[in-house]
Amino acid sequence: MLRINTRSVQILGQQISHRRLSELSLLIFMMPALVLVIAFVIVPAAWAILISFTNQSLIGPNARNFSFIGLENYVRLFNDPGFWNSLGTSFIFVFGSAFLGQFVIGFSLALLLKYAGVLSRGIVGGSVLLAWVIPEIVAVYIWASVLNFQSGSANQILLAFGLEKQRWLIDMPLLSIIIVNIWRGTAFTMLLFSAALEAIPDTLYDAASVDGASRWERFRYITLPLIRYTILLDFILITMGTFSVFGMVFAMTGGGPLGRSEIIGVYIYRNAFEYREIGYGSAASVVMLIINLTLALVYLRFTRVEWSAEA
Amino acid sequence: MHRSGNSLLLRLSEYGFYLPILVFFFGPISWLVLASINSDPGSAWQIPEQVTLNNYLQLVTESDLLLWMGNSTTLAVGTMTVTVILATLAAYPLSRVPFPGKGVFMYALLLARVMPITAVIIPIFSLSVQLNLVNTFTGAILILSAMQLPISLWIMKSFVDSIPIELEESAWLDGCNRLTGLIRIVFPLMSPGVAVTGLFAFLAAWGDFLIPLIILRSPTTFPIAMGLYRAFGDQGSVDFGFLTALSVLYSVPSILLYLFARQYLVKGMTAGSVKM
């Protein structure tokens, strides 16, 4: 039986009004974190918008004495084939590596490994994870060697099958960075779906088997409906994640040759830090921000934050 | 009979799927490890004819390895410390104190978390120039911490959410005030959250390439990522032994720490999202 201690309820009641004040004063603990996030995340976003309307440069006279030039950067941006190329490249990069690669392989692996033995789970799952956890620049170095024309292992395999050697990074740079990004990012999808599948009670499958449901029917009518939110969540997260990739592509191909693997992040970097036009580069940044914000708003639709103060 | 034949076929087709997966995912890593212990390493995949540890020994004697390692450690430990302290402080009011606009604030944190850092790298650089933070670890650590905080706040808040308020209420009845209750009851129970956010922050800073590329431009401030990038960027003088050994050494802490953080990976990946 639950017995309510009336005296302690009274004490609590008296304390509540006092506490409301001290409660609000606790908000001060949030300040340091807030200041840092505002300074290095929020202010830069606003700043990018502001300088995208200027002719500011990285060095030289226009670094300090820049002026507002209205929409000039945007007009130039939208007339630059290089910019449209970078958007197209980004799109193919995201579609190829996130959807066709990471999702398909990661999802299949999660399904297969759920019923696999400890050994395959450890070896196959472990290898996929390993590719994800090593530092980005190590992944670049490994793949630069694997795709090496002279004696890299990719060409070793082609030769073993009687095929011709390929100049991967020169003739198919976009395909190369897509392959590397599949290698690197598949673990994310695999982990996400492994957790989602783990959460489905076995009893559901047992009951369906008793009723004579086939393997495919169990997947179609039990698994799929239960993980549809995970599928959406995964799509959005890997799309945003892949759209934000920079270091791997920058270090691997530098966007080349001739811009054929230049995703938007590399385009921004090149204009700002190589051509030193930070006003113009920022205009491209703003476009990237808008695209990501759109994706992020879709993402937030699937979050479960409550708008109330009790969140 | 038919059933077992069927499942045997299924087994075989499973292995048929595993084999290319294994070659694709593990092949490149096996090349790295094998080349690092090969006395005559190259870009081809090969079993070493002569196994040696000279590539590793060479690291210590012939390069800036100690400098780079020290710099990477400074970055990672600094980012971890700043992130953990700030997130721990902020998590309690975020979880317990109702304030207007809190829902919006938590949403804004999610937005900040998924913002591509490349899109704000120009202002981050300009800001660092203004504040004299270029080529300083302070600058790199502050930026990396700011990037890490949104997710850390979400994770930490969820840890505080899971501490029953009754524990605190009984402490208040025993004479604790809000602050002493926080220190004596809540902080100790937050230690798993501290461990997780700390690990994530360490790993993010340890493996980061973009912020060092922009902020740490002087060779004396290079972390391992920059040292490695510059070393294999120097065309024509590719020293496979040196680079592979360095890569392995650089990857080991990441791999070990991920093993510790494994059970929290999904929680971190999906913070703020639909419960699965």
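Values reported hereafter were calculated over all heavy atoms of this structure, with side chains retained and with hydrogens, waters and symmetry mates removed. Here is the naming used below: chain letters follow the sequence lines, and residue numbers restart at 1 for every chain.
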Colleague: So which of B:Ile29, B:Ile124, B:Leu210, B:Ile21 has the largest heavy-atom pair count under 4.5 angstrom toward chain A?
Modeller: B:Ile29
Colleague: Return the CZ to CG distance between B:Arg113 and B:Leu153, rounded to the nearest 0.5 Å.
Modeller: 12.0 Å
Colleague: Do you know which of B:Thr83, B:Ile214, B:Leu89 has the most heavy-atom pairs under 4.5 Å to chain A?
Modeller: B:Leu89
Colleague: If you tally heavy-atom pairs under 4.5 Å against chain B, which of A:Phe273, A:Trp183, A:Trp47, A:Trp132 wins?
Modeller: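 Option with the top pair count is A:Trp183.
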Colleague: So which of A:Ile157, A:Ile51, A:Ile264, A:Asn148 has the biggest tally of heavy-atom pairs under 4.5 Å with chain B?
Modeller: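 Most pairs with chain B among the choices: A:Asn148.
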Colleague: If I measure from the heavy atoms of chain A, does B:Leu257 come under 4.5 Å with its side chain, its backbone, both, or neither?
Modeller: neither
Colleague: If I measure from the heavy atoms of chain B, does A:Val146 come under 4.5 Å with its side chain, its backbone, both, or neither?
Modeller: side chain
Colleague: Which bit of B:Leu133 is near chain A, if near means a heavy-atom gap under 4.5 Å: side chain, backbone, both or neither?
Modeller: side chain
Colleague: Check whether B:Ile255 gets within reach of chain A through its side chain, its backbone, both or neither, counting any heavy atom under 4.5 Å.
Modeller: both
Colleague: Need one label for A:Ile182: side chain, backbone, both or neither, based on atoms under 4.5 Å from any heavy atom in chain B.
Modeller: both
Colleague: By a 4.5 Å heavy-atom criterion (distance strictly below it), what part of B:Val82 contacts chain A: side chain, backbone, both, or neither?
Modeller: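 For B:Val82, the side chain is the part near chain A, not the backbone.
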Colleague: Closer than 3.5 angstrom, by distance alone: can the side chain of B:Lys157 be matched with the main-chain N or O of B:Ala90 as a donor-acceptor pair?
Modeller: no
Colleague: Flag the one option from A:Leu295, A:Val245, A:Val41, A:Asp234 with the top tally of heavy-atom pairs under 4.5 Å to chain B.
Modeller: A:Val41
Colleague: Which bit of B:Leu142 is near chain A, if near means a heavy-atom gap under 4.5 Å: side chain, backbone, both or neither?
Modeller: both
Colleague: Pick from B:Val252, B:Val120, B:Ile122: which one has the most heavy-atom pairs with chain A under 4.5 Å?
Modeller: B:Ile122
Colleague: Taking side chain as C-beta onward, heavy atoms only, is B:Ser247 less than 4.5 Å from A:Ile142?
Modeller: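 They are not in contact (no side-chain heavy atoms under 4.5 Å apart), so the answer is no.
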Colleague: So which of A:Ala251, A:Ala296, A:Ala131 has the biggest tally of heavy-atom pairs under 4.5 Å with chain B?
Modeller: A:Ala251
Colleague: Need one label for A:Ala187: side chain, backbone, both or neither, based on atoms under 4.5 Å from any heavy atom in chain B.
Modeller: neither
Colleague: What part of A:Ser194 gets within 4.5 angstrom of chain B, counting heavy atoms only: side chain, backbone, both, or neither?
Modeller: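 For A:Ser194, neither part sits under 4.5 Å from chain B.
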Colleague: Let me know if B:Ser152 has heavy atoms under 4.5 Å from chain A in its side chain, its backbone, both or neither.
Modeller: neither
Colleague: B:Ile121 versus chain A, heavy atoms under 4.5 Å apart: side chain, backbone, both or neither?
Modeller: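 Both parts, backbone and side chain.
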Colleague: Please classify the contact between B:Ser126 and chain A as side chain, backbone, both or neither, with a heavy-atom cut-off of under 4.5 Å.
Modeller: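 Interface part for B:Ser126: both.
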Colleague: Any side-chain heavy atom of A:Asn292 sitting closer than 4.5 Å to one from A:Ser244?
Modeller: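 Counting from C-beta outward, A:Asn292 and A:Ser244 do come under 4.5 Å.
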Colleague: Sort A:Ile28 into side chain, backbone, both or neither according to what part of it lies under 4.5 angstrom from a heavy atom of chain B.
Modeller: neither
Colleague: Given a strict heavy-atom distance threshold of 4.5 Å, which part of B:Leu32 is in contact with chain A: side chain, backbone, both, or neither?
Modeller: side chain
Colleague: Can you find a heavy atom in the side chain of A:Leu27 that is under 4.5 Å from one in the side chain of B:Pro93?
Modeller: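 Result yes, sub-4.5 Å side-chain heavy-atom pair found.
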Colleague: Mind ranking B:Ser128, B:Pro123, B:Ala91 by heavy-atom pairs under 4.5 Å with chain A and telling me who comes out on top?
Modeller: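 Of B:Ser128, B:Pro123, B:Ala91, B:Pro123 has the most heavy-atom pairs under 4.5 Å with chain A.
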Colleague: Could you give me the CA-CA distance, side-chain angles and deciding distance for A:Ser145 and B:Phe240, then say whether side-chain contact (heavy atoms from CB on, under 4.5 Å) is met?
Modeller: CA-CA 9 Å; A:Ser145 310; B:Phe240 283 103; 4.1 Å; yes
Colleague: Working to the nearest 0.5 Å, report the span between CG of B:Asp208 and CE of B:Met147.
Modeller: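 Output value for this atom pair is 5.0 Å.
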Colleague: What residue, out of B:Phe209, B:Phe26, B:Phe17, has the most heavy-atom pairs lying under 4.5 Å from chain A?
Modeller: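 Of B:Phe209, B:Phe26, B:Phe17, B:Phe209 has the most heavy-atom pairs under 4.5 Å with chain A.
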Colleague: Below 4.5 Å, heavy atoms only, C-beta onward: do B:Pro212 and B:Tyr229 meet side chain to side chain?
Modeller: no
Colleague: Can you tell me which portion of A:Leu113 sits under 4.5 Å from chain B's heavy atoms? Options are side chain, backbone, both or neither.
Modeller: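 For A:Leu113, backbone and side chain are both near chain B.
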Colleague: Run the side-chain contact (heavy atoms from CB on, under 4.5 Å) check on B:Phe25 and A:Leu130 step by step: do they pass?
Modeller: CA-CA 8 Å; B:Phe25 282 98; A:Leu130 212 51; over 6 Å; no
Colleague: Rounded to the nearest 0.5 Å, how far apart are OG1 of B:Thr244 and CG of B:Asp239?
Modeller: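 Answer rounded to 0.5 Å: 8.0 Å.
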Colleague: Step through it carefully: locate the ring centre of A:Tyr269, locate the ring centre of A:Phe250, and say whether they are under 6.0 Å apart.
Modeller: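 Close enough - the centres of the two rings lie under 6.0 Å apart.
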Colleague: Are any non-hydrogen side-chain atoms of B:Phe125 and B:Val134 less than 4.5 angstrom apart?
Modeller: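 B:Phe125 reaches B:Val134 side chain to side chain.
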Colleague: Please test A:Leu26 against B:Phe99 for side-chain contact (heavy atoms from CB on, under 4.5 Å), starting from the C-alpha separation and ending with a verdict.
Modeller: CA-CA 11 Å; A:Leu26 283 170; B:Phe99 60 88; over 6 Å; no
Colleague: What residue, out of A:Ala45, A:Ser151, A:Ala284, has the most heavy-atom pairs lying under 4.5 Å from chain B?
Modeller: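 Maximum pair count with chain B is reached by A:Ser151.
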Colleague: Based on non-hydrogen pairs under 4.5 Å, which of B:Ala35, B:Ala119, B:Gly207, B:Pro150 is most in contact with chain A?
Modeller: B:Ala119
Colleague: Select, from A:Gln156, A:Met240, A:Glu136, the one with the greatest count of heavy-atom pairs under 4.5 Å involving chain B.
Modeller: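 Sorted descending by pairs with chain B, the first entry is A:Gln156.
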Colleague: Say you draw a straight line from CZ of B:Phe187 to OH of B:Tyr92; how long is it, rounded to the nearest 0.5 Å?
Modeller: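 So the CZ of B:Phe187 and the OH of B:Tyr92 are separated by 9.5 Å.
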Colleague: Could you give the distance from CD1 (A:Ile278) to OG1 (A:Thr54), rounded to the nearest 0.5 Å?
Modeller: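 A:Ile278 CD1 to A:Thr54 OG1: 7.0 Å, rounded to 0.5 Å.
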Colleague: Non-hydrogen atoms of chain B under 4.5 Å away: do they reach the side chain of A:Leu50, the backbone, both or neither?
Modeller: neither
Colleague: Checking A:Phe193 against chain B: side chain, backbone, both or neither under 4.5 Å from a heavy atom?
Modeller: neither
Colleague: Using a 4.5 Å cut-off on heavy atoms from C-beta on, say whether the side chain of A:Met288 contacts that of A:Phe243.
Modeller: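 Touching, per the 4.5 Å side-chain cut-off.
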Colleague: Using side-chain heavy atoms (C-beta onward) and a distance below 4.5 Å, is A:Trp143 in contact with A:Ile179?
Modeller: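 Yes. Closest side-chain heavy atoms under 4.5 Å.
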Colleague: Given a strict heavy-atom distance threshold of 4.5 Å, which part of B:Tyr258 is in contact with chain A: side chain, backbone, both, or neither?
Modeller: side chain
